Amino acid sequence: MARSTCSWRAVLPFCVCTPCISLVLLFAYATFVFNAAMIRLEGSAVGDSGPLHFVAPGTFSNGSFTQLPKTFWELHLHGDAIWNRLQLTMDRHFNPILRPENIKRASENHPSYESLQKQGFSEVTNLDSMRNQLPQQILEFMSHMHMRDYPALIQPDGVCGAGAKEEREAPLLLLAIKTMEQNFKNRQAIRQTWGQAGWVAGQWRNGKGGGDGGGHVRRVFLLGNGRNGNAGGNLSDVLRMESEHHGDILQWDFRDTFFNLTLKDVLFWSWFSRSCNRTLFVFKGDDDVFVNTPRMITFLRDQLKKPQAHKTIGDFMIGDVIAAGLPNRVCQSKYFIPEGFYKGQYPMYAGGGGVVYSGQLTRRLLHVSKRVHLFPIDDVYVGLCMLRLNAHPVHHPAFLTFDFPKGEKETLCSYHTILLVHKRSPAQIVKLWAHVKTSQAQCWDTPLRGRLEGKQTPTSM
Ligand SMILES: *[C@@H]1O[C@H](CO)[C@@H](O)[C@H](O)[C@H]1NC(C)=O
Ligand SMILES: *[C@@H]1O[C@H](CO)[C@@H](O)[C@H](O)[C@H]1NC(C)=O
Ligand SMILES: *[C@@H]1O[C@H](CO)[C@@H](O)[C@H](O)[C@H]1NC(C)=O
Ligand SMILES: *[C@@H]1O[C@H](CO)[C@@H](O)[C@H](O)[C@H]1NC(C)=O
């Protein structure tokens with residue numbers, strides 16, 4: 001039999017390559033679809049609908065990256081630090097892939113988060129041997145880390161803070177200000193100036209006062225118990241009188257220390273959810289900041305007018321966003337977090353000097369916070385909660401939590417370009433407020449500073 005190579009060659013392409021050709025076509029199609037998807041992705045990342053000032057976690061403003069973990073699949077990533085280990089047990093419990101039944105159960109009947117938190121402590125073994133290496137302040141924090149139900153000592157009279165007068169619509173903004181018993185002067189300055197409750201007009205428009213729109217503003221001061229910490233002796237009677245006079249004090253029975261500030265977040269969220277059902281936005285900040293409230297009101301009104309507002313407002317948080325912060329490892333610092341307690345980067349978070357978020361997000365934060373172990377630094381804790389909500393704070397350069405840039409000359413209208421600046425004394429706050437009021441007619445058309453759409457501003461660390 002003559003084996004005809006020719007005929008084989010003639011046949012081969014047909015019998016072998018029909019599937020072959022299909023595969024090539026399929027591959028070409030997949031490549032096309034993938035590329036098209038990538039182009040769309042890139043488009044949306046730079047388009048004006050994407051989040052502004054987004055810097056991926058792990059990217060520095062100078063363009064370099066943090067080191068990636070050696071093993072991508074390593075489950076115990078940073079697993080030897082105490083907070084990471086505790087949180088890992090919690091995150092696993094609510095991981096929808098590992099434990100779908102827990103997610104379902106959590107939405108049906110409320111699980112006892114407290115017992116879950118405690119369970120974490122019992123699962124994480126050899127805590128005791130790690131304790132020896134930790135500083136006193138962290139040990140103090142850890143000894144009360146599982147506690148967050150502190151009773152209120154003083155509550156505001158109004159339903160949602162001071163300022164409810166003939167409200168025809170839901171309050172636009174609640175000012176929630178962290179303060180301490182002895183900071184009476186700060187509170188007084190704020191009450192007289194940017195923290196006035198009641199109807200507040202927006203910024204001037206077309207050189208005319210009143211602006212377009214305004215909003216009802218409420219105010220509440222957040223305090224712990226100053227006991228043991230006050231040089232001025234027992235201030236609780238004085239505070240009680242202050243509360244009777246102004247009705248804007250919300251004080252809980254925990255020691256008012258730096259590492260306990262996170263309690264002011266979780267307890268405030270809980271109080272807000274019960275008392276401020278209809279309030280649209282929350283400003284949460286320090287008692288040594290200056291806020292340009294009329295601008296803030298107008299800015300928030302504008303947010304509500306955006307076409308997709310009803311969809312995006314549940315994620316709304318804006319402030320001075322720190323994208324790839326690292327824990328402070330200088331042991332003399334007030335922010336010092338030892339490696340034994342927390343390892344890894346901080347999630348993206350908005351600086352605690354002053355941040356604004358929606359009432360809807362407040363309720364979501366309260367909910368998710370029950371699944372996040374307390375962390376000693378309050379603004380980082382909010383970031384840890386946001387991460388678990390898959391929500392991202394948005395940066396706005398008009399929040400100057402690190403003051404005006406060095407070397408920038410102050411002009412008549414400087415304070416009309418900002419929403420917030422840190423830090424100012426009570427006397428400065430009073431002066432600035434008067435200045436902002438008198439210069440309104442001249443500065444009404446000064447735009448807020450530096451929000452260049454689509455451009456990335458460098459991150460502050
Ligand atoms: C970029 O910044 C980070 C953090 O500030 C620093 O560790 C790194 O060395 C910098 N890289 C370059 C190339 O300057
Ligand atoms: C401070 O005064 C209040 C009321 O007079 C009292 O209940 C409280 O126990 C006092 N606290 C301390 C630490 O003395
Ligand atoms: C936080 O407050 C609790 C209750 O008053 C107190 O026992 C604890 O020592 C405080 N924690 C820190 C770190 O100050
Ligand atoms: C506010 O309260 C009302 C009635 O109590 C409730 O129906 C509504 O869902 C609440 N709204 C929000 C946003 O929680």
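What you are looking at is a predicted structure, and each value in this text was computed from that prediction instead of being measured. Computation of the quantities below employed the complete heavy-atom set of this structure, encompassing side-chain atoms and omitting hydrogens, waters and symmetry-equivalent molecules. Counting convention: from 1, in listed order, for ligands and their atoms alike.
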Output yes when Asp248 and Arg187 qualify as a salt bridge under the 4.0 Å nitrogen-oxygen rule, no when they do not.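 Judged by the 4.0 Å cut-off on N to carboxylate O distance, Asp248 and Arg187 do not form a salt bridge.
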Does the distance from a Lys or Arg side-chain N to an Asp or Glu carboxylate O, for Asp80 and Lys343, drop under 4.0 Å?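 Judged by the 4.0 Å cut-off on N to carboxylate O distance, Asp80 and Lys343 do form a salt bridge.
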Output the list of atoms in ligand 3 that are nearer than 4.0 Å to some heavy atom of [X], sorted by atom number.
| X | value |
| --- | --- |
| Asn260 | 1 (C), 2 (O), 3 (C), 8 (C), 10 (C), 11 (N), 12 (C), 14 (O) |
| Phe254 | 2 (O), 4 (C), 5 (O) |
| Phe141 | 13 (C) |
| Glu140 | 8 (C), 9 (O), 11 (N), 12 (C), 13 (C), 14 (O) |

With sequence neighbours excluded, what pairs up with Arg364 under the salt bridge (Lys or Arg N to Asp or Glu O under 4.0 Å) test?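 Applying salt bridge (Lys or Arg N to Asp or Glu O under 4.0 Å) to Arg364 gives Asp315.
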By the definition side chain to side chain contact (heavy atoms under 4.5 Å, CB included), identify the one residue from Leu222, Ile190, Leu223 that meets it with Asp287.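 In the set Leu222, Ile190, Leu223, the residue that makes a side chain to side chain contact (heavy atoms under 4.5 Å, CB included) with Asp287 is Ile190.
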Is the Phe281 ring parallel, tilted or perpendicular to the Phe316 ring (thresholds 30°, 60°)?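 Ring orientation of Phe281 relative to Phe316: perpendicular.
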Polar atom proximity, Asp253 to ligand 3 (N or O, under 3.5 Å):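 N/O-N/O distance below 3.5 Å does not exist for this pair.
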Counting the benzene-type ring for Trp, do Phe258 and Tyr335 have ring centres under 6.0 Å apart?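 Yes, the ring of Phe258 comes within the 6.0 Å limit of the ring of Tyr335, centre to centre.
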Contact with ligand 3 for Tyr150, non-hydrogen, under 4.0 angstrom: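 Contact check Tyr150 vs ligand 3: positive.
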May I ask you to identify, for His144, whether its side chain, its backbone, both or neither come under 4.0 Å of ligand 3 on a heavy-atom basis?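 Looking at His144 and ligand 3, just side chain atoms fall under 4.0 Å.
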Check each heavy atom of Phe259 against ligand 3 and say whether those closer than 4.0 Å belong to the side chain, the backbone, both or neither.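 The part of Phe259 near ligand 3 is the side chain, not the backbone.
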